[in-house]
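Comments concern the structure below.
The model shown is predicted, which means the values in this text are computed figures rather than measured ones. Proteins get letters first, then strands, A, B, ... in listed order; numbering begins at 1 in each.
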Amino acid sequence: MWKGRDVISIRDFSKKDIEHVLKTAEKLENELKEREALDYAKGKILATLFFEPSTRTRLSFESAMHRLGGNVIGFAEASTSSVKKGESLRDTIKTVEQYSDVIVIRHPKEGAARLAAEVAEIPVINAGDGSNQHPTQTLLDLYTIKKEFGKIDGLKIGLLGDLKYGRTVHSLSEALAFYDIELYLISPELLKMPRHIIEELREKGVKIYETSDLEKVIGELDLLYVTRIQKERFPDEQEYLKVKGSYVIDCALLARAKEGLKIMHPLPRVDEIHPEVDKSKHAIYFRQVFSGVPVRMALLGLTLGVVE
Amino acid sequence: MNELKVSAIKEGTVIDHIQAGKGLKVIEILKLNRTNGKTVLLAMNVQSKKLGRKDIVKVEGKFLSEEEVNKIALVAPKATVNIIKDFKVVEKFSVEIPSEIGGILKCANPNCISNSEYTTSKFYVISKEPLKVRCHYCERTMDEGDILSNL
């Protein structure tokens with residue numbers, strides 16, 4: 001069932017699928033504690049096609065493939081590939097699939113990964129398509145929440161920052177809709193969650209509170225998921241400057257939070273979490289980064305058909 | 001009888017109750033404007049009790065299937081289709097919005113891959129009343145206004 005499957009959008013996942021990925025990731029993480037590297041993907045090749053820059057997503061996919069005993073080829077920016085000569089995405093994918101067993105793609109256009117999956121015979125994993133989806137980030141976020149809290153149901157979760165352009169919060173909120181949670185959407189007026197996503201979440205029965213006032217709700221939350229205001233998604237720099245630095249999480253603010261509040265961030269951060277917070281018991285964003293490897297190992301192993 | 005302003009057809013399909021001004025779009029969507037195709041008659045701004053003004057398209061010698069006609073549901077949701085044999089209406093049906101729409105609609109999101117790469121657009125109808133569709137590629141939702149300006 002998993003062999004040959006594409007991972008494009010959280011929409012394509014059932015709750016059962018999500019739970020299976022999380023369980024597989026946990027199993028692989030435990031195996032890695034006993035041995036440095038595994039050999040499930042021995043002889044297999046992953047192609048990473050990054051048309052947009054990335055540190056964590058690309059490196060953790062590469063690390064995951066190496067840990068599974070496989071090999072990696074690819075490019076880290078479009079300017080070093082034939083795309084610069086005007087090659088279509090369709091032709092790039094048709095070419096790359098001749099060299100590899102699985103493709104990971106990040107692309108600035110929404111829907112690019114879906115198109116790639118239609119063109120390719122081999123599995124395609126979406127590592128971010130414009131402002132649309134970033135399903136592997138979502139799965140590692142859920143893995144982190146489950147690991148930290150032991151559960152997802154019953155939590156009060158705040159999503160903070162750029163809820164308009166941030167693809168991680170779009171995917172994450174869709175996945176959280178499978179669970180019994182309360183969602184606090186905290187953002188400046190200009191960067192509110194798109195109407196169509198809020199409508200869909202409400203239809204699925206998620207309790208949603210929208211506010212621009214973080215201080216008012218900080219004491220309610222079990223988990224605060226912070227995102228960066230993404231300069232590159234603003235058509236106009238003046239608009240960006242209006243909302244830049246809207247929220248800064250620091251220790252003074254956290255004094256008003258619940259004892260057990262955890263703070264996550266998909267990173268990179270700019271100035272939205274003060275470095276003084278890193279040492280606090282609330283900060284779990286670097287542990288969240290670690291989750292990227294076992295979760296991506298699980299996805300690569302499952303789609304390649306080398307892990308059950 | 002307004003219909004008689006354009007000659008009655010012996011055999012073929014009459015698409016009636018098209019919103020005034022959308023007749024040409026209907027012809028375009030059904031690809032009836034090919035020079036090697038069947039004879040097509042178009043009446044525009046015909047008086048109608050139901051719609052005030054309406055367009056009518058008659059296609060001679062061709063029986064359009066329900067599936068084909070459903071493609072025009074986005075531009076002419078109130079249209080009725082009459083199948084004519086020997087100058088008589090032998091079958092009559094209303095158009096219905098299909099659950100998937102392929103090809104005829106362009107995605108309203110300029111950053112959608114379907115607007116820059118060679119693809120056939122595809123949309124899922126998520127609500128018929130009010131009409132709302134979701135792009136198969138970029139997953140954005142389009143409402144009636146977006147749909148009409150991107151047909």
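Crowding of Lys10(B) atom NZ: a count of heavy atoms from other residues, nucleotides or ligands under 6.0 Å not exceeding 12. Surrounding CD of Gln238(A) are at most 12 heavy atoms belonging to other residues, nucleotides or ligands under 6.0 Å away. Atom NZ of Lys15(A) has more than 12 neighbouring heavy atoms from other residues, nucleotides or ligands inside a 6.0 Å radius. Surrounding NZ of Lys204(A) are more than 12 heavy atoms belonging to other residues, nucleotides or ligands, all under 6.0 Å away. For Lys94(A), the NZ atom counts as densely surrounded, since its 6.0 Å shell holds more than 12 non-hydrogen atoms of other residues, nucleotides or ligands.
Listed for the Arg90(A) side chain is a donor-acceptor partner under 3.5 Å among the backbone atoms of Tyr118(B). Between the side chain of Asn132(A) and the backbone N or O of Cys112(B), no donor-acceptor pair lies under 3.5 Å.
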Scan the side chains in residues 88-101 of chain B for donor-acceptor partners under 3.5 Å anywhere in the protein, sequence neighbours excluded, and list what turns up.
none

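Separation of atoms CZ (Arg114(A)) and SG (Cys135(B)) is listed at 9.5 Å; rounding is to 0.5 Å. To the nearest 0.5 Å, atoms CZ (Arg11(A)) and OH (Tyr124(B)) are separated by 10.5 Å. Summarising the geometry, atom CG belonging to Leu115(A) is positioned 12.5 Å from atom SG belonging to Cys138(B); distances are rounded to the nearest 0.5 Å. With values rounded to the nearest 0.5 angstrom, Ile126(B) atom CD1 is found 6.0 Å from Glu200(A) atom CD.
Looking at Asn109(B), only its side chain comes within 4.5 Å of chain A, counting heavy atoms on both sides.
Under the 4.5 Å side-chain criterion, counting only non-hydrogen atoms from C-beta, His107(A) is in contact with Ile113(B).
Neither side chain, Glu139(B) nor His196(A), offers a donor N or O lying under 3.5 Å from an acceptor on the other.
Taking 4.5 Å as the heavy-atom cut-off, none of the residues of residues 24-34 of chain B approach chain A.
Residues that satisfy the side-chain hydrogen bond (donor to acceptor under 3.5 Å, both in side chains) test with Lys132(B), not counting sequence neighbours, are Glu199(A). The ring-ring contact (aromatic ring centres under 6.0 Å, His included) search around Phe50(A) returns none, not counting sequence neighbours.
Ion pairing between Glu117(B) and Lys109(A) fails under the 4.0 Å rule for side-chain N and carboxylate O.
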